[in-house]
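Encoded as structure tokens, the structure appears first; notes follow it.
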Amino acid sequence: MTGYTRPDGASSHAGDGSPEGELGTFKTLEQFIIERQDSFPHSTGAFSRLLRDISLAAKIVNRDMRRAGLIDVYGSTGETNVQGEVQQKMDALAHREFVQALRRGGECCLIGSEEHAEAIPLSSVSQEGDGQYIVLLDPLDGSSNIDVNVSVGTIFSIYRLPDGYDEEKPDPKAALQSGTEQVAAGYIVYGSSTMLVYTTGNGVNGFTLDPSIGEFLLSHPDLQTPDRGRIFSINSGYYHSFEGGLREYLDWLQQQDPETNRPAKTRYIGSFVSDFHRNLLKGGIYMYPATEGSPEGKLRLMYEANPMGFIAEEAGGAASDGHTRILEKSPEKLHQRTPLFIGSKEMVRRAEAFLQGEPERAMPA
Ligand code: P6P
């Protein structure tokens with residue numbers, strides 16, 4: 001039997017000509033994490049186990065997602081979540097799976113979830129002072145798309161517990177750390193394939209789930225996002241409620257000017273993780289500004305903007321609320337929202353220039 005044939009057709013043979021095993025030259029998420037573990041000072045492997053717990057929950061959500069039409073997970077639970085939004089059945093399922101995996105894994109002491117009003121304290125089995133983590137989650141973003149078979153995603157953000165945190169007296173405010181304090185961030189996109197993409201501050205790496213062996217395999221090492229792209233993602237239906245500078249930016253993007261690669265193209269799936277992932281790979285900008293319906297913006301700072309902002313910056317991009325770097329915003333509430341402009345650096349900078357009334361200031365895009 002020849003070695004495992006990679007999707008690009010390359011055959012995976014070891015140097016001595018003998019076929020490699022089923023995995024061929026691919027590296028599993030666990031192998032990758034252990035290899036990188038040394039870059040985590042004082043790590044007792046707890047962080048590696050935490051990522052393992054997250055990837056386990058992702059596989060379970062993926063399994064149920066792929067059968068959504070066959071098991072009773074379409075539609076809403078009839079409840080509204082803390083955001084006042086109708087909770088989809090898959091939202092509740094995903095929330096349960098991630099909380100259960102993190103609770104059983106024992107490496108996480110506090111969970112903040114879009115689906116739960118307050119941060120959830122967990123008892124950790126980690127030794128004092130190491131491996132005690134906080135995980136902030138959007139268990140399933142864009143879940144209203146599931147019933148119509150459009151891709152959705154999970155977003156996670158990981159912090160260390162502050163020094164002196166007392167598990168006996170859990171303090172939900174420990175979750176309110178600025179984005180620059182994140183030790184890791186990632187997302188799972190349940191698309192035409194299921195991918196887990198994450199960073200620990202040493203670049204961005206993407207793993208594709210091979211369902212035949214139940215492993216996330218390194219398929220997109222060292223992801224870098226183009227400085228500029230031709231794609232902009234925004235709900236143009238709200239155009240007339242956008243502030244003037246933003247309307248001017250959108251008009252600029254749609255002018256005919258081949259020299260600056262305009263008009264740009266609109267791609268808006270209505271699923272942030274999917275729009276973000278496409279723009280990360282191809283170049284582009286995702287925008288969810290303040291609107292009449294969402295005066296603070298719609299995306300949440302702690303478990304959407306901050307983690308994706310960390311990933312964007314690690315991949316060479318940028319994330320802003322139009323005026324301030326997302327990662328430097330000071331959180332006050334777990335579920336606070338923020339306007340969000342995220343993706344290719346030059347496109348974010350140009351959007352900021354328009355929003356700040358100085359369109360001529362922007363870098364060439
Ligand atoms: P609108 C999904 O609810 C979400 O949070 C993002 O995934 C998506 O980009 C956005 O809201 C869509 O919101 O107002 O354009 O329908």
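Since this is a predicted model, take the numbers as computed values, not measurements.
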Presence of salt bridge, Asp321 and Lys329, under 4.0 angstrom: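 Looking at Asp321 together with Lys329, the answer is yes, because their closest N to O distance falls below 4.0 Å.
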Arg228/Glu346 ion pair, N-O < 4.0 Å: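 So Arg228 pairs with Glu346 through a salt bridge.
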Gap between atom [atom2] of [Y] and atom [atom1] of [X] - 0.5 Å precision:
X: Thr260; Y: Arg230; atom1: OG1; atom2: CZ; value: 9.5 Å
X: Met308; Y: Asp141; atom1: CE; atom2: CG; value: 7.5 Å
X: Gln177; Y: Arg160; atom1: CD; atom2: CZ; value: 11.0 Å
X: Thr194; Y: Arg66; atom1: OG1; atom2: CZ; value: 3.5 Å
X: Asp53; Y: Ser48; atom1: CG; atom2: OG; value: 10.5 Å
X: Thr28; Y: Glu30; atom1: OG1; atom2: CD; value: 5.0 Å

For Ile34, the rest of its hydrophobic cluster, which grows through side-chain links under 4.5 angstrom: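 Other cluster members: none.
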Compare every heavy atom of [Y] with every heavy atom of [X], then report the nearest pair and how far apart it is.
X: Ala58; Y: Ile188; answer: CB-CG1, 3.7 Å
X: Ala305; Y: Thr338; answer: CB-CG2, 3.7 Å
X: Ser241; Y: Glu292; answer: OG-N, 3.6 Å
X: Glu107; Y: Ala46; answer: OE1-CB, 3.3 Å
X: Ser274; Y: Val152; answer: OG-N, 4.1 Å

Whether over 12 other heavy atoms sit under 6.0 Å from [X] [atom1]:
X: His240; atom1: NE2; answer: no
X: Glu118; atom1: CD; answer: no
X: Asp257; atom1: CG; answer: yes
X: Gln254; atom1: CD; answer: yes

Working for side chain to side chain contact (heavy atoms under 4.5 Å, CB included), residues Tyr165 and Leu110: CA-CA 11 Å; Tyr165 181 87; Leu110 195 60; 3.9 Å; yes
Leu301/Ile326 under side chain to side chain contact (heavy atoms under 4.5 Å, CB included): CA gap, chis, key distance, verdict: CA-CA 8 Å; Leu301 174 64; Ile326 285 290; 4.0 Å; yes
Contact between [X] and [Y] at the side-chain level, heavy atoms closer than 4.5 Å - yes or no?
X: Tyr286; Y: Tyr268; answer: yes
X: Met90; Y: Val61; answer: yes
X: Thr199; Y: Leu223; answer: no
X: Leu209; Y: Leu196; answer: no
X: Asn205; Y: Asp222; answer: yes
X: Thr225; Y: Asn279; answer: no
X: Ser294; Y: Leu299; answer: no
X: Arg337; Y: Tyr288; answer: no

Can you pull out every salt bridge (charged side-chain N to carboxylate O under 4.0 Å, His left out) where at least one residue sits in [range]? Sequence neighbours excluded, please.
range: residues 88-105; value: Asp72-Lys89
range: residues 238-253; value: none
range: residues 277-288; value: Asp275-Arg278

Give me the ring orientation class for [X] and [Y]: parallel if the planes are under 30° apart, tilted from 30 to 60°, perpendicular past 60°.
X: His116; Y: His95; value: parallel
X: Tyr249; Y: Trp252; value: parallel
X: Tyr198; Y: Phe207; value: parallel

side-chain hydrogen bond (donor to acceptor under 3.5 Å, both in side chains) pairs, two or more places apart, involving residues 306-319: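 Listed once each, the pairs are Glu313-Arg325.
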Say whether, by atom type as modelled, one donor and one acceptor occur between the side chain of [X] and the main chain of [Y] under 3.5 angstrom.
X: Ser271; Y: Ser151; answer: yes
X: Ser233; Y: Arg267; answer: yes
X: Glu181; Y: Ser178; answer: no
X: Gln356; Y: Gly322; answer: yes
X: Gln31; Y: Lys27; answer: no
X: Ser344; Y: Pro226; answer: yes

Steps toward side-chain hydrogen bond (donor to acceptor under 3.5 Å, both in side chains) verdict (Ser193, Thr208): CA-CA 7 Å; Ser193 64; Thr208 300; 4.8 Å; no
Any link between [X] and [Y] through a network of hydrophobic side chains (Ile, Leu, Val, Met, Phe, Trp, Tyr) touching at under 4.5 Å?
X: Ile269; Y: Val189; result: no
X: Ile60; Y: Met65; result: no
X: Phe242; Y: Ile285; result: yes
X: Ile231; Y: Val197; result: no
X: Phe98; Y: Leu56; result: no

Worked verdict on His277 versus Tyr187 for side chain to side chain contact (heavy atoms under 4.5 Å, CB included): CA-CA 9 Å; His277 183 71; Tyr187 61 87; 2.6 Å; yes
Criterion side chain to side chain contact (heavy atoms under 4.5 Å, CB included) on Leu246 and Ile234, from CA distance to verdict: CA-CA 11 Å; Leu246 177 56; Ile234 191 168; 4.1 Å; yes
Phe156, Tyr159, Phe47 screened by ring pair (Phe, Tyr, Trp, His ring centres under 6.0 Å) with Tyr133, the one that passes: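 The residue from Phe156, Tyr159, Phe47 that satisfies ring pair (Phe, Tyr, Trp, His ring centres under 6.0 Å) with Tyr133 turns out to be Phe47.
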Glu352 side chain to Ser320 side chain, donor-acceptor N/O pair below 3.5 angstrom: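 Indeed, the side chains of Glu352 and Ser320 share at least one donor-acceptor pair under 3.5 Å.
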Residues which pass salt bridge (charged side-chain N to carboxylate O under 4.0 Å, His left out) with Asp147, listed by chain and number, not counting sequence neighbours: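 Partners of Asp147 under the salt bridge (charged side-chain N to carboxylate O under 4.0 Å, His left out) test: none.
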Tyr190 vs Thr154, side-chain hydrogen bond (donor to acceptor under 3.5 Å, both in side chains): CA-CA, chis, key distance, verdict: CA-CA 8 Å; Tyr190 309 96; Thr154 294; 2.8 Å; yes
